[in-house]
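Ligands are counted one by one from 1 in listed order, and the atoms in each one are counted from 1 as well.
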Amino acid sequence: MTSGPWPRRQWLGVIEEYRDLLELPAGLEAVTLREGGTPLVHSEWLTGLTGGQVWLKVEANNPTGSFKDRGMTAAISVARHEGAQAVVCASTGNTSASMAAYAAKAGLKPLVLIPEGKIAAGKMAQAVVHGAQIIMVRGNFDHCLDLARGLARDYPVALVNSVNPVRLQGQKTASFEIVDFLGDAPDYHLLPVGNAGNIAAYWLGYQQYAELGRASRKPVMRGFQAEGAAPLVTGEPFPDPETKATAIRVGNPASWHLAEMAAKESEGRFAAVSDAQILAAQVELARRDGVFVEPASAAGVAGMLAELAAGQSYAGKTVVITVTGHGLKDTATALESFGDIVDNVVDADVEAAAAAAGLA
Ligand code: AN7
């Protein structure tokens with residue numbers, strides 16, 4: 001039995017939910033898969049470790065399994081509004097998965113540029129099944145982004161990477177949702193950083209809510225990169241970025257300047273975590289909080305654990321950690337550290353299963 005009004009109100013997607021706060025063309029018709037409205041999950045584990053209140057913004061719960069859908073609804077809506085027939089992006093995987101889905105919904109032709117050999121299988125499957133044309137580039141993500149920019153400059157195809165400022169308009173809604181839920185901005189916001197669009201967008205959103213009086217404060221922003229792809233930490237581009245967290249394998253982030261501004265203005269910073277720390281955090285988060293994220297998405301949690309080990313404190317503070325994408329995107333990397341997946345093989349017999357499970 002249901003109670004209350006029927007039909008219940010469905011979440012409308014980030015454009016309709018926040019339209020008056022987004023800089024988008026007047027009268028824009030939204031191409032939406034009802035992205036956003038993602039859960040803020042309380043982490044008893046990290047709350048216990050820190051003595052603060054730690055929340056996970058679980059962006060896996062977006063239609064294509066990553067935070068990219070927030071910006072993509074905006075970018076694809078505007079591309080269609082402006083009469084584009086085709087859209088292009090460079091991607092480490094999630095942007096292309098998202099673009100392909102939204103392009104399909106909008107009836108646009110999606111063209112994906114990916115770096116050689118390093119895209120997680122789940123993300124490739126998404127792009128392929130949604131009908132994208134996949135062009136693999138002999139080079140890394142940064143080369144792909146240069147190419148995408150060149151194609152959009154010289155040919156009739158719209159660029160939907162986060163260098164397109166419309167993307168950030170959609171992505172900043174994650175900050176709005178956090179403040180709407182918590183009642184104010186958190187003290188700290190931690191997240192993984194690759195091409196740096198997301199940290200820039202979060203900061204935009206927090207600033208806007210503070211200016212509107214919807215939040216009384218702005219959080220300290222802390223961004224975490226993989227050691228092998230940590231240009232914002234070292235201050236120098238990485239010509240050959242390398243990490244198992246392929247989503248953040250970016251050597252020269254497009255939103256470098258905006259990300260540095262976010263860290264500086266919020267009195268935050270960037271730090272690097274090793275692949276081993278990232279993969280350990282991924283497994284611990286899955287086992288303690290029940291949240292399965294892809295490797296890159298665990299960088300914020302890995303960063304917090306590294307900080308705690310180094311004696312830093314979040315006691316008494318409210319902390320949000322964005323986990324950016326779903327664990328099912330990249331099961332191969334997730335399973336690498338495990339030996340046999342199957343622990344026992346038994347006949348279809350209760351006694352045998354009980355004995356194998358140690359119950360008997
Ligand atoms: C799971 O898909 O850049 O710092 O091309 O997929 O905003 O780049 C993905 C990035 C974090 C980093 N976590 O965000 C792409 C792409 C996941 C990601 C990031 C990405 P940005």
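Proximity of a side-chain donor or acceptor of T50 to a complementary backbone N or O of A315 within less than 3.5 Å is not detected. The main-chain N or O of T38 is found under 3.5 Å from a side-chain atom of K57 such that the two form a donor-acceptor pair. In this structure, the side chain of R217 engages the main chain of A185 through a donor-acceptor pair within 3.5 Å. In terms of modelled atom types and a separation under 3.5 Å, the side chain of Q126 and the main chain of T64 share a donor-acceptor contact. The main-chain N or O of A272 is never found under 3.5 Å from a side-chain atom of E227 such that the two would form a donor-acceptor pair.
If you check which protein heavy atom lies closest to atom 6 (O) of ligand 1, you get N94 ND2, 2.7 Å. Nearest to atom 14 (O) of ligand 1 among the protein's heavy atoms is F67 CZ, 3.4 Å. For atom 19 (C) of ligand 1, the nearest non-hydrogen atom of the protein is I248 CG2, 3.6 Å. Closest to atom 5 (O) of ligand 1 among all protein heavy atoms lies T92 N, 2.8 Å. Looking only at protein heavy atoms, the nearest one to atom 7 (O) of ligand 1 is N198 N, 2.8 Å. If you check which protein heavy atom lies closest to atom 17 (C) of ligand 1, you get T324 OG1, 3.3 Å. Among protein heavy atoms, atom 18 (C) of ligand 1 sits closest to A247 CB, 3.5 Å. Scanning the protein for heavy atoms near atom 8 (O) of ligand 1, the closest one is N195 N, 2.7 Å.
With contacts defined as side-chain heavy-atom distances shorter than 4.5 Å, the pair H81/L24 does not qualify. Within the 4.5 Å cutoff, the side chain of T318 has heavy atoms near those of the W55 side chain.
Checking R214, K172, R70 one by one against E177, the salt bridge (Lys or Arg N to Asp or Glu O under 4.0 Å) holds for a single residue, R70.
Applying the side chain to side chain donor-acceptor pair (under 3.5 Å) test to pairs two or more places apart or on separate chains, none has a residue in residues 339-360.
Contact annotation: S297 has at least one heavy atom less than 4.0 Å from an atom of ligand 1. Contact annotation: S162 has no heavy atom less than 4.0 Å from any atom of ligand 1.
Atom numbering of ligand 1 starts at 1 in the shown order; those under 4.0 Å from a heavy atom of S91 are 2 (O), 5 (O), 15 (C). Contact atoms of ligand 1 toward V193: 4 (O) (distance under 4.0 Å to a heavy atom of the residue). Near E294, with a cut-off below 4.0 Å to any heavy atom, the atoms of ligand 1 are 1 (C).
Taking all atoms of both residues into account, the shortest heavy-atom contact from E294 to N94 is OE2-ND2, 2.7 Å.
Residue contacts with ligand 1: G197 is placed with a nitrogen or oxygen under 3.5 Å of a nitrogen or oxygen of the ligand (distance criterion only).
Checking M99, K68, Q171 against atom 10 (C) of ligand 1, the nearest heavy atom belongs to K68. The closest heavy-atom contact to atom 21 (P) of ligand 1, among the options A254, A299, A196, comes from A196. Atom 2 (O) of ligand 1 has its nearest heavy-atom neighbour, among L191, L232, T95, in T95.
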Using residues 244-256 as the side-chain source, report each donor-acceptor pair under 3.5 Å to any protein atom, sequence neighbours left out, with the distance given to one decimal.
{"residue": "K244", "atom": "NZ", "partner": "E336", "partner atom": "OE1", "Å": "2.8"}
{"residue": "R249", "atom": "NE", "partner": "P241", "partner atom": "O", "Å": "3.2"}
{"residue": "W256", "atom": "NE1", "partner": "E260", "partner atom": "OE2", "Å": "3.3"}

